Amino acid sequence: VQLQASGGGLVQPGGSLRLSCAASGFTLADYAIGWFRQAPGKEREGVSCISASGTNTLHDASSVRGRFTISKDDEKSTIYLQMNSLEPEDTALYYCAARRFPSRSSYSLLKSSYHYWGQGTQVTVSS
């Protein structure tokens with residue numbers, strides 16, 4: 001199982017970025033995917049997740065507040081995180097993670113729920 005996150009960069013406040021997570025070595029349609037982020041000196045926190053079925057998604061309401069959208073393309077084995085109205089507080093290293101739950105409808109924002117992790121992609125929001 002391999003996950004490769006990309007799409008990070010430097011963006012001004014109010015701007016947008018779309019992160020991608022390329023999955024390989026497993027069937028994406030069988031795995032739930034979570035996006036996490038870690039800012040310097042802080043704990044890694046869950047941002048958004050999507051079930052294996054793709055029908056269920058969850059976002060951390062306190063930090064995302066309707067600005068982020070998670071989606072996936074099973075045929076391309078890629079998961080996306082569309083981030084709009086970015087704020088300096090969104091600056092962090094963003095990771096994607098995968099887990100095969102017993103049910104394809106399951107999902108989680110807990111980092112302890114995930115078995116496989118990709119390397120991070122840096123997102124910096126600054127003017």
Side-chain angles (χ1 to χ4, degrees):
V1 173
Q2 288 192 327
L3 299 163
Q4 179 87 25
S6 63
L10 174 63
V11 62
Q12 292 187 342
S16 298
L17 278 176
R18 188 176 79 158
L19 305 184
S20 298
C21 175
S24 61
F26 65 100
T27 301
L28 181 58
D30 292 336
Y31 283 71
I33 301 295
W35 280 100
F36 295 79
R37 68 186 183 185
Q38 188 166 17
K42 293 189 177 181
E43 292 284 326
R44 189 172 299 188
E45 62 177 1
V47 175
S48 300
C49 60
I50 187 167
S51 62
S53 64
T55 56
N56 298 317
T57 62
L58 181 66
H59 302 278
D60 180 77
S62 62
S63 62
V64 172
R65 298 188 300 277
R67 300 178 295 124
F68 293 4
T69 302
I70 188 171
S71 62
K72 66 171 185 162
D73 185 330
D74 288 339
E75 291 188 1
K76 294 183 178 179
S77 295
T78 304
I79 309 93
Y80 304 99
L81 184 68
Q82 178 66 44
M83 306 187 295
N84 299 326
S85 302
L86 284 163
E87 304 168 353
E89 293 73 24
D90 296 315
T91 295
L93 199 56
Y94 282 71
Y95 300 87
C96 52
R99 170 166 175 185
R100 187 171 186 171
F101 288 94
S103 168
R104 294 185 69 247
S105 300
S106 297
Y107 52 94
S108 174
L109 276 179
L110 297 176
K111 57 183 183 289
S112 59
S113 296
Y114 290 86
H115 298 156
Y116 306 102
W117 291 82
Q119 91 300 342
T121 185
Q122 178 67 39
V123 172
T124 302
V125 184
S126 175
S127 55

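As a basis for the values below, the full set of heavy atoms in this structure was taken, side chains included, without hydrogen atoms, waters or symmetry mates. Because the structure is a prediction, the values reported are computed rather than measured.
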Value for CG (Leu19) from OG1 (Thr78), rounded to nearest 0.5 Å, stands at 12.5 Å

Identify the heavy atoms of Ala32 and Ser106 that sit nearest to each other, and give their distance. CB-O, 3.7 Å

Output the distance between atom SG (Cys96) and atom CD1 (Ile70), rounded to the nearest 0.5 Å. 9.5 Å

Can you find a heavy atom in the side chain of Glu43 that is under 4.5 Å from one in the side chain of Lys111? yes

We want to know whether Ser126 and Thr124 form a side-chain donor-acceptor pair, criterion being a heavy-atom distance below 3.5 angstrom. no

Can any side-chain N or O of Asn84 pair as donor or acceptor with the backbone N or O of Ser16 at less than 3.5 Å? no

Decide side chain to side chain contact (heavy atoms under 4.5 Å, CB included) for Phe68 and Asp90; before the verdict, give the C-alpha distance in whole Å, the side-chain angles of both, and the deciding distance to 0.1 Å. CA-CA 11 Å; Phe68 293 4; Asp90 296 315; 3.9 Å; yes

Using the six-membered ring of Phe101, assess whether NZ or CZ of Arg104 lies under 6.0 Å from its centre and within 45 degrees of the ring axis. no

Atom CD of Glu87: over 12 foreign heavy atoms under 6.0 Å: yes

Minimum heavy-atom distance between Gln122 and Thr91, given as atom pair plus value: NE2-CG2, 4.0 Å

Indicate yes or no for a side-chain donor-acceptor contact from Arg67 to the backbone of Ser85 under 3.5 Å, with no hydrogens or angles considered. yes

Determine whether Tyr107 and Trp35 fall in the same hydrophobic cluster, where Ile, Leu, Val, Met, Phe, Trp and Tyr are linked whenever their side-chain heavy atoms lie under 4.5 Å apart. no

Between the OH atom in Tyr94 and the CE atom in Met83, the distance rounded to the nearest 0.5 Å is 5.0 Å

Would you say the side chains of Arg18 and Tyr80 form a donor-acceptor pair under 3.5 Å? no

When you look at Arg100 and His115, which way does the side chain to side chain contact (heavy atoms under 4.5 Å, CB included) test go after all the steps? CA-CA 8 Å; Arg100 187 171 186 171; His115 298 156; over 6 Å; no

Would you give the length of the straight line joining atom OG of Ser127 to atom CG of Leu10, rounded to the nearest 0.5 angstrom? 9.5 Å

Is a donor on one side and an acceptor on the other found under 3.5 Å between the side chain of Thr121 and the backbone of Gly8? yes

Quick one: CG on Leu28 to CD on Glu75, what's the gap to the nearest 0.5 Å? 11.5 Å

Between Tyr95 (side chain) and Ala5 (backbone), is there a donor-acceptor pair under 3.5 Å? no

Taking a hydrophobic cluster as the set of Ile, Leu, Val, Met, Phe, Trp and Tyr residues connected by side-chain heavy atoms closer than 4.5 Å, whether directly or through intermediates, do Ile79 and Tyr116 fall within one such cluster? yes

Any donor-acceptor pair under 3.5 Å from Thr27 side chain to Ala29 backbone: no

Show the numbers, then the answer: is there a side chain to side chain contact (heavy atoms under 4.5 Å, CB included) between Leu81 and Thr69? CA-CA 6 Å; Leu81 184 68; Thr69 302; over 6 Å; no

Determine whether a donor-acceptor pair (N or O, by modelled atom type, separation under 3.5 Å) exists between the side chain of Ser51 and the backbone of Asn56. yes

Donor-acceptor contact present, side-chain Lys72 to main-chain Ala52, <3.5 Å: yes

Minimum-distance pair of heavy atoms, taken over all atoms of Val11 and Gly15: CG2-CA, 3.8 Å

Roughly how far, to the nearest 0.5 Å, is the CZ atom of Arg37 from the CZ atom of Arg44? 13.0 Å

In short, Cys21 meets Leu3 closest at the heavy-atom pair SG-CD2, 3.8 Å

Is there a continuous path of hydrophobic side-chain contacts, each under 4.5 Å between heavy atoms, that joins Leu17 to Val125? yes

Begin from the C-alpha positions of Tyr114 and Cys49 and carry the test side chain to side chain contact (heavy atoms under 4.5 Å, CB included) through to its verdict. CA-CA 11 Å; Tyr114 290 86; Cys49 60; 3.7 Å; yes

Mark yes or no for whether Thr57, through its side chain, and Ile50, through its backbone, hold a donor-acceptor pair below 3.5 Å. no

Connected via hydrophobic side-chain network under 4.5 Å: Tyr31 and Phe36: no

same_hphob_cluster(Val47, Leu58) at 4.5 Å side-chain heavy-atom cutoff: no

Expected output: side-chain Asp74 to main-chain Ser77 donor-acceptor under 3.5 Å: no

